[in-house]
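What's counted below: heavy atoms across the whole structure, side chains too, no hydrogens, waters or symmetry copies. Per chain, numbering begins at 1; letters A, B, ... match sequence-line order. Nothing here was measured: the structure is a model prediction, and the numbers come from that model.
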2 protein chains.
Amino acid sequence: MATIYEVSKLAGVSLATVSRVINKNSRVSDKTRLKVQDAMKELGYRPNSIAQSLASNRSNSVGILVSELHGPFFGQMMAGIEAELRAAGKHVIITCGHSEEDKEKDGIEFLISRNCDAIILHVEAVSDAYLIDLCKGKMPVYFMSRLVEGLNDNCISLDNELGGYLATQSVLEQGHSAIAYIAGPEFKADSKDRLAGHKRALADNNIAFSDTLYFEGDFKETGGSDGLKFFIESKQEFSALICANDEMASGAITYGREQGLSLPKDLSIIGFDNIIFARHTYPKLTTIDNPVNLMGHMAAKLVLKNIYKQKDMSITHSFEPTLITRDSVINKT
Amino acid sequence: MATIYEVSKLAGVSLATVSRVINKNSRVSDKTRLKVQDAMKELGYRPNSIAQSLASNRSNSVGILVSELHGPFFGQMMAGIEAELRAAGKHVIITCGHSEEDKEKDGIEFLISRNCDAIILHVEAVSDAYLIDLCKGKMPVYFMSRLVEGLNDNCISLDNELGGYLATQSVLEQGHSAIAYIAGPEFKADSKDRLAGHKRALADNNIAFSDTLYFEGDFKETGGSDGLKFFIESKQEFSALICANDEMASGAITYGREQGLSLPKDLSIIGFDNIIFARHTYPKLTTIDNPVNLMGHMAAKLVLKNIYKQKDMSITHSFEPTLITRDSVINKT
DNA sequence: ACTTTGAATTCTAACGATAAAATTCTAACA
DNA sequence: TGTTAGAATTTTATCGTTAGAATTCAAAGT
């Protein structure tokens, strides 16, 4: 591979001049710029990004940690981040933490050791204290879908409490009052907030929250099936089921039908996230839209603005969920 | 951040010695190793991977190009590759080509310019000729889910023809004979091979392939709905529908029910890929399993073996699809 | 013609590691 | 005691670029 040195020789200028036409920040006369560009073309020159990084102390890479590389939710998130960053010539180094504390810490260490210019984290298992500490280090850290105390400016988050409220409120408005709730893992902030919204909506409607109509799921299909099984076996009356995400709602739908329920007649179900497949369940899933792709774009923009000093980036830190009405919730009356 | 130089000073040894304890390939006496390790710990030293890359001409990064970052299929694939590589201390740089020729080429260029040690491509729009040419360059290139003429050793592929055959054969065995087929985009190799398998199964059973029961879809939900719409509006008789992937099958199921079909009684549907959601459609989707996660692992192993010279890597280049029987195909009789 | 000034360009020293060659050390053996 | 082989360690050059200081150049002002 041709180096900058060979280009400079061929063009008859110094190394520094070539470097300056590559980086087009400092001024070079049109004449020399052309000479250099010709030489670059002739040699098929491509700057060595590693050498650039070493010399400039900039790797032009952004680390991303998500819980899982698969899964519709993270897919949308990564797609948003990558698209935005790639358009700016930056690249993403992606790894995953599987929602486990050790693996998340491990992943973060890994990204730091790769000399990213910044990292964007979707972490769930690690504590706020750890993150606050992490932010004291020299690596800039940003958070997706998580609001870390005192680090608001580094967070892109969804109002999960509102989402939880919206879900429950919409079900209540359809005349349901005995409502079962399958939450995500209690240690996850998302779960907690969505549940809080649920409780607020119940309270607003003077309905008591019942422990027996609560189940802690795992945010996966199994959480939905296990939860519904639990409720059915406990022989309680309930006409609606709220699932803290769409995967669990899917699991619940599948399990419910296996148990002979006619959906949505026998049971209304609402999900959360509005993943792409939500429109292909039967009945089509009513859910809460989580604009995670947009949020991914925004996280990337935040990095572009703060780290790469790009102008004209208007940042929104907080996003609002909205109700998507389909067929899985019906009027009780 | 502490550098190797500071460590060497603190430990009272030379740079080279520190380098050798970091890379633990060459021998260092236990005594000095300990001294150096202590010094590293004391300084919180972490090797600068960029400098390592420049000096060793190894970036320890593998570029990955997939069609989309979202989507269940690619998620599984990326997860497999990343897990394997990450365990070996390598990182992945991921980008996407959106199944468009220009964007794919662009993505490849992008990865090459990032000095990856190798790249793993899932490309669909780019020609074999282009890829063969690409392989003549100095960047090692590997292919996922694609068999490039003469580059077999660099490919990890699925026997799509067999998968197509299996799908059709299984439907035929259930007594169906009027079978509609929704293919993927014709320019994609996967589509072509699956269709070829379909035709072979028909031929084996002395059933003529009918142009009017063929529709070229887009591998997305819309392909399924558009295809089924086309068949229904053409007023043909058919009792089974084969979709070249699960997304299209989902779309077809949803559309079919919207049109008042009772599934699977009125129409049997089979998909391809066995994405995670296939078990949550209604009826649960009978499909062909595509072990793409495994294949991702295998592609990574191939890189580990060829590029990073890891031993004990047994490589399987070709994978076989298998039939997953669920509820969406019923016996016609 | 002679400064002056600002733009254009070159020079030089990093950046933080690796790797090959050169050197020193250590212990065994004649 | 001197030799020698092999292990342990150091020396030195290098990877390909950037960045700031130093220099040269060109046009304008006096």
Kindly check if the number of other-residue, nucleotide or ligand heavy atoms within 6.0 Å of [atom1] ([X]) is above 12?
X	atom1	value
A/Tyr5	OH	no
B/Asp38	CG	yes
B/Asp102	CG	no
A/Asn57	CG	no
B/Lys220	NZ	no

* **Stepwise side-chain hydrogen bond (donor to acceptor under 3.5 Å, both in side chains) test for A/Lys188 and A/Ser99** => CA-CA 9 Å; A/Lys188 297 190 181 185; A/Ser99 305; 3.2 Å; yes
* Just wondering, do A/Met40 and A/Ile22 contact through their side chains at under 4.5 Å, heavy atoms? -> yes
* B/Lys41 versus B/Gln37: any side-chain heavy-atom pair under 4.5 Å? -> no
Any residue of [range] with a heavy atom less than 4.0 Å from an atom of DNA chain C:
range	value
residues 30-51 of chain A	A/Thr32
residues 106-119 of chain B	none
residues 52-61 of chain B	B/Gln52, B/Leu54, B/Ala55, B/Ser56

* Asked: Hey, what bend do you get for the helix from C/dA1-D/dT30 to C/dA30-D/dT1 if you fit axes on five pairs at each end, rounded to 10°?
  -> 60°
Value rounded to 0.5 Å, distance of [atom1] in [X] from [atom2] in [Y]:
X	Y	atom1	atom2	result
A/Asn160	A/Asp190	CG	CG	4.5 Å
B/Met298	B/Glu84	CE	CD	8.5 Å
B/Met77	B/Ile156	CE	CD1	11.0 Å

Interatomic distance, [X] [atom1] vs [N] [atom2] [rounded to whole Å]:
X	N	atom1	atom2	value
A/Glu6	D/dC15	CD	P	11 Å
A/Arg20	D/dG16	CZ	P	22 Å
A/Lys24	D/dA19	NZ	P	15 Å
B/Ile4	C/dC15	CD1	P	14 Å
A/Asn23	D/dT17	CG	P	11 Å

* For the residue pair B/Ser59 and B/Asn115, confirm or rule out a side-chain donor-acceptor distance under 3.5 Å. => no
* Are A/Glu109 and B/Arg46 close enough for a salt bridge, meaning some N to O gap below 4.0 Å? -> yes
* Do B/Arg86 and A/Asp106 meet the salt-bridge criterion of a basic N to acidic O distance under 4.0 Å? -> yes
Please tabulate, one pair per line, each protein N/O and nucleotide N/O from nucleotides 21-23 of chain D that are separated by under 3.5 Å, including the distance.
none

* At under 4.0 Å between heavy atoms, what does B/Thr17 touch on the DNA or RNA strands: base, sugar-phosphate, or nothing? -> base
* To do: May I ask you to say what B/Val18 touches in the nucleic acid, namely base, sugar-phosphate or nothing, with a heavy-atom cut-off under 4.0 Å?
  => nothing
Using a 3.5 Å cut-off and no angle test, enumerate the donor-acceptor pairs between side-chain atoms of residues 303-315 of chain A and protein atoms at least two apart in sequence or in another chain.
residue, atom, partner, partner atom, Å
A/Asn306, ND2, A/Tyr142, OH, 3.2
A/Tyr308, OH, A/Asp117, OD2, 2.6
A/Lys309, NZ, A/Asn306, O, 2.8

* Asked: When the nearest nucleotide of DNA chain D is assigned to B/Arg27 and to A/Ala2 on a heavy-atom basis, which residue is associated with the more 5' position?
  -> B/Arg27
Strictly below 4.0 Å: does [X] bring a side-chain N or O up to OP1 or OP2 of [N]?
X	N	answer
B/Ser19	C/dT18	yes
A/Thr3	D/dG16	no
A/Ser29	C/dT9	yes

* To do: When you get a sec, tell me which of D/dT18, C/dT18, D/dT10 is the closest nucleotide to the side chain of B/Ala16?
  => D/dT10
* Donor-acceptor pair, A/Glu104 side chain versus A/Val123 backbone, under 3.5 Å? -> no
* side chain to side chain contact (heavy atoms under 4.5 Å, CB included) between B/Asn290 and B/Phe73, intermediate numbers included -> CA-CA 9 Å; B/Asn290 184 346; B/Phe73 183 81; 3.2 Å; yes
